[in-house]
*Asks:* 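I have a structure I would like to understand better, so I am pasting it below and will then ask my questions one at a time.
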There are 2 protein chains.
Amino acid sequence: MEKEWRRSMPLLSMNIVMQLTGLTARQIRYYEEHELVQPARTEGKQRMFSLDDIDTLLEIKDMLATGVNIAGIKQIFEMKNNPALKNDTKQVITDAQLRAIVKEEMQIAQRHQRASLRQGDLSRFFR
Amino acid sequence: MEKEWRRSMPLLSMNIVMQLTGLTARQIRYYEEHELVQPARTEGKQRMFSLDDIDTLLEIKDMLATGVNIAGIKQIFEMKNNPALKNDTKQVITDAQLRAIVKEEMQIAQRHQRASLRQGDLSRFFR
DNA sequence: TAGTATATGTCATGTTAGCTAACATGTCAA
DNA sequence: TTGACATGTTAGCTAACATGACATATACTA
């Protein structure tokens, strides 16, 4: 689509980007250093930013203001690009272990809290 | 499913959870304070953890070790629960503005870099 | 009922992330 | 060729994050 490549075209100089984002050059370089943005470069090594870069920078600014740190932002960006990476809560406890734990705990429970368990009252565990 | 409610049943005391996760009580309470875990409570206000809670705690431990801070972890957890929240890069620059910027920049480019543009050589902008 | 475990709250602390300042050097449009 | 603008680098500041440590009170267990 036409709009797409427009947004990804590196047109903007540091100068302008600073104004558009309210960030200092040093900050922007810092974010690049930590691989949160990858602006293009001219032959003379000067950064040229796309509009997508601007959006990214504003997102960074936003999340930092929220209290998320660079490492967190990086993680989040990775998740956005690869939603599969949603690292579904690795189960550190196997089902076998689980059965054992449950069994054991239930026994302890029976030994100690016979009354309340007999009543079938587990509601106290929830709120 | 049977396994499911087993994993979400609050069976484990602080004591055990500390051993299972290698976290201190202080740490676990801190994470709860910041709403990263919500263990159940007994009538007497004592925390009772489910196996799901354990997984969560281990995830937290993991991400902290990676350098992600609490705020970041919170964000990430929210994204997992509501993938729609994937906050698709809000476009701060409208298409109208975009057209204007592109137009202007292109004019400047033509004025200044007539030669290279005539050659249709934009490759220097990419790496 | 005694004794251990947990709760909550407050004060204290080290570490370090994110940033600013400053420099010398290099780029680039006119 | 010149002056404004960018570059990478170094050094240092500051605020806050994540824990530790302690005190007191309440909850469980035997």
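These figures come from a predicted structure and were not determined experimentally. Residue numbers begin at 1 in each chain, while the letters A, B, ... track the order of the sequences.
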*Asks:* Figure out the CD1/C1' separation between B/I16 and D/dC28, and round it to whole Å.
*Replies:*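 It works out to 14 Å between those atoms.
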*Asks:* Roughly how many Å is it from CE in A/M48 to P in D/dC5, rounded to a whole number?
*Replies:*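 Answer to the nearest Å: 16 Å.
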*Asks:* Would you compute the distance between atom CG of B/L36 and atom OG1 of B/T56 and round it to the nearest 0.5 angstrom?
*Replies:*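 Here the rounded value is 9.0 Å.
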*Asks:* What's the CD-P distance between A/E43 and C/dC28, to the nearest Å?
*Replies:*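 The answer, rounded to whole Å, is 7 Å.
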*Asks:* Quick check on D/dG8: is either OP1 or OP2 less than 4.0 Å from any side-chain nitrogen or oxygen of A/R41?
*Replies:*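 The answer is yes; a side-chain N or O of A/R41 sits under 4.0 Å from OP1 or OP2.
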*Asks:* Separation of B/I70 atom CD1 from D/dA18 atom C1', in whole Å?
*Replies:*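 One finds 7 Å between C1' of D/dA18 and CD1 of B/I70, rounded.
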*Asks:* Looking at B/Q19 and B/I16, would you say the former's side chain and the latter's main chain have a donor-acceptor pair under 3.5 Å?
*Replies:*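 Flag not set: sc B/Q19 to bb B/I16 has no pair under 3.5 Å.
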*Asks:* Respond yes when some side-chain nitrogen or oxygen of A/T24 is under 4.0 Å from OP1 or OP2 of C/dC19, and no when none is.
*Replies:*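 For A/T24, the contact criterion (side-chain N or O under 4.0 Å from OP1 or OP2 of C/dC19) is not met.
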*Asks:* Measure CD/A/E33 against P/D/dT7 and give the value in whole Å, please.
*Replies:*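 Atom CD in A/E33 sits about 13 Å away from atom P in D/dT7.
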*Asks:* Would you say D/dA18 has OP1 or OP2 under 4.0 Å from some side-chain N or O of B/Y30?
*Replies:*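 Checking D/dA18 against B/Y30, a side-chain N or O does come within under 4.0 Å of OP1 or OP2.
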*Asks:* With heavy-atom distances below 4.5 Å as the criterion, would you say the side chains of B/K80 and B/E59 are in contact?
*Replies:*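 Yes, close enough: below the 4.5 Å cut-off.
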*Asks:* Rounded to the Å, how far apart are B/R26 CZ and D/dC17 P?
*Replies:*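 It works out to 13 Å between those atoms.
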*Asks:* So, does B/K61 use its side chain to make a donor-acceptor pair with the main chain of B/L23 at under 3.5 Å?
*Replies:*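 No.
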*Asks:* Flag the pair B/I76 / A/M79 as yes when at least one side-chain heavy-atom distance between them is below 4.5 Å, and no otherwise.
*Replies:*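 A side-chain contact under 4.5 Å exists here.
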*Asks:* Does A/Y31 make a side-chain N or O approach to OP1 or OP2 of C/dC19 shorter than 4.0 Å?
*Replies:*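 Yes.
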*Asks:* Taking only N and O in the side chain of B/Q27, is any of them less than 4.0 Å away from OP1 or OP2 of D/dT19?
*Replies:*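 So the side-chain polar atoms of B/Q27 do come within 4.0 Å of the phosphate oxygens OP1 or OP2 of D/dT19, strictly under.
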*Asks:* Rounded to the Å, how far apart are A/L64 CG and C/dT20 P?
*Replies:*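 About 12 Å, once rounded to whole Å.
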*Asks:* Between B/N69 and B/R29, which has a closest nucleotide on DNA chain C that is more 5'?
*Replies:*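 Here B/R29 is the residue nearer the 5' end.
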*Asks:* Which comes earlier along DNA chain D counting from the 5' end, the contact point of B/A71 or that of B/G44, where each point is its nearest nucleotide?
*Replies:*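 That would be B/A71.
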*Asks:* Name the residue closer to the 5' end of DNA chain C, choosing between B/Q46 and A/V68 according to the nucleotide with the nearest heavy atom.
*Replies:*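 Nearest-nucleotide comparison on DNA chain C picks B/Q46.
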*Asks:* How many whole angstroms separate atom CE of B/M14 from atom C1' of D/dT26?
*Replies:*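 Distance, rounded to whole Å: 17 Å.
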